[in-house]
> 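Before I ask anything, here is the structure I am working with.
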Amino acid sequence: KNVPNEQKKEFGQVINLLKTSAEDKVKSIQEALESKEESKGVYGDLTRAAEPVLIGSRHPISLVKNQIIDIFSTVGFNVSEGPEIEDDWHNFTALNLPEYHPARDMQDTFFIDKTHVLRTHTSPIQIHSLESEKPPLRIIGTGPVFRCDSDISHLPNFHQIEGMCVDEKISMSDLKGTISFFVNEFFGQGLKTRFRPSFFPFTEPSAEVDCSCPLCKGKGCSLCKQTGWIEI
């Protein structure tokens with residue numbers, strides 16, 4: 001609009017020439033790309049972005065799971081998996097929880113039918129591994145588990161990590177050392193672990209494990225409820 005009237009005709013001709021030249025250039029490039037079979041899938045749509053567009057990301061549980069697997073793999077553990085719907089034998093009986101055993105009441109179970117349940121823990125993975133592999137073995141299993149339990153600190157569907165080592169001359173000290181190693185690799189160096197005697201139907205001796213709070217380093221904060229320890 002700022003071109004003087006006496007120059008508009010000449011100026012318009014130049015603009016049209018530029019437009020035609022640009023269109024011809026784009027058309028020739030498009031025909032060249034589309035003539036190659038290997039390029040059609042990538043360049044078939046010239047309106048696509050020039051750079052790859054990343055969509056989505058890994059779920060936090062998947063990130064933690066992979067980190068745990070990496071840590072245990074450095075000390076010789078292999079990953080083992082099992083079904084989320086288990087039969088009574090693998091979920092209870094083979095773990096020293098026969099029918100009518102009072103300890104079964106410790107776990108509020110989702111029953112599929114009279115003989116199958118949504119697994120209440122990852123421990124059936126141990127039984128499957130012992131059935132299919134010969135010792136010595138070191139395995140970890142992780143995945144979703146299910147219990148009829150829901151309140152401010154519990155979900156009916158949560159995740160566990162399971163570990164088992166079967167070999168000669170393995171003792172409680174190996175278990176404690178492995179857990180302490182994991183705590184420092186996962187939560188950070190310099191943290192302490194604490195083992196408290198407890199009851200679990202299919203382990204002897206049994207213990208619950210705490211680690212010093214990763215946030216306050218044991219000094220006491222809202223995360224650890226001022227105790228300096230977190231049960232893991």
> Please enumerate all residues that pass ring-ring contact (aromatic ring centres under 6.0 Å, His included) together with F182, with sequence neighbours excluded.
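Here the qualifying residues are F72, F186.
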> Would you list the pairs meeting side-chain hydrogen bond (donor to acceptor under 3.5 Å, both in side chains) in which at least one residue belongs to residues 222-232, sequence neighbours left out?
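For residues 222-232, and leaving out neighbouring residues, there are no side-chain hydrogen bond (donor to acceptor under 3.5 Å, both in side chains) pairs at all.
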> Taking ILVMFWY side chains as joined if any heavy atoms are under 4.5 angstrom apart, and letting links pass through other members, which residues group with L54?
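L54 clusters with nothing; isolated.
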> Can you list the residues that meet the side-chain contact (heavy atoms from CB on, under 4.5 Å) rule with F181, with sequence neighbours excluded?
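Expected list: I71, T74, V75, E185.
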> Running the 4.5 Å side-chain criterion over Ile, Leu, Val, Met, Phe, Trp and Tyr, what cluster does F158 land in, apart from itself?
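The other cluster members (ILVMFWY side chains, heavy atoms under 4.5 Å, direct or chained) are V145.
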> For residues 167-179, which residue pairs pass the side-chain hydrogen bond (donor to acceptor under 3.5 Å, both in side chains) check, not counting sequence neighbours?
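side-chain hydrogen bond (donor to acceptor under 3.5 Å, both in side chains) check on residues 167-179 returns S171-S173, S171-D174.
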> What pairs with S73 under side-chain contact (heavy atoms from CB on, under 4.5 Å), at least two apart in sequence or on another chain?
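If we apply the side-chain contact (heavy atoms from CB on, under 4.5 Å) test to S73, skipping adjacent residues, there are no hits.
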> Applying salt bridge (charged side-chain N to carboxylate O under 4.0 Å, His left out), name anything that partners D210, two or more places apart in sequence or on another chain.
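With sequence neighbours excluded, D210 shows a salt bridge (charged side-chain N to carboxylate O under 4.0 Å, His left out) to R194, R196, given in chain and number order.
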> V209: which residues meet the side-chain contact (heavy atoms from CB on, under 4.5 Å) condition with it, sequence neighbours left out?
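Testing V209 for side-chain contact (heavy atoms from CB on, under 4.5 Å), a comparison that skips the adjacent residues, returns I179, F195, I232.
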> Using links of under 4.5 Å between side-chain heavy atoms of ILVMFWY residues, direct or through other members, which residues join I85 in one cluster?
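Noted: I85 shares its cluster with F110, I112, L118, F146.
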> Taking only residues two or more places apart in sequence, or in another chain, which ones meet D113 in a side-chain contact (heavy atoms from CB on, under 4.5 Å)?
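So D113 forms a side-chain contact (heavy atoms from CB on, under 4.5 Å) with T115, H116.
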> Linking Ile, Leu, Val, Met, Phe, Trp and Tyr through side-chain heavy atoms less than 4.5 Å apart, which residues share a cluster with I125?
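Grouped by the 4.5 Å side-chain rule, L130, L137, I139, M164, V166 form the rest of the cluster around I125.
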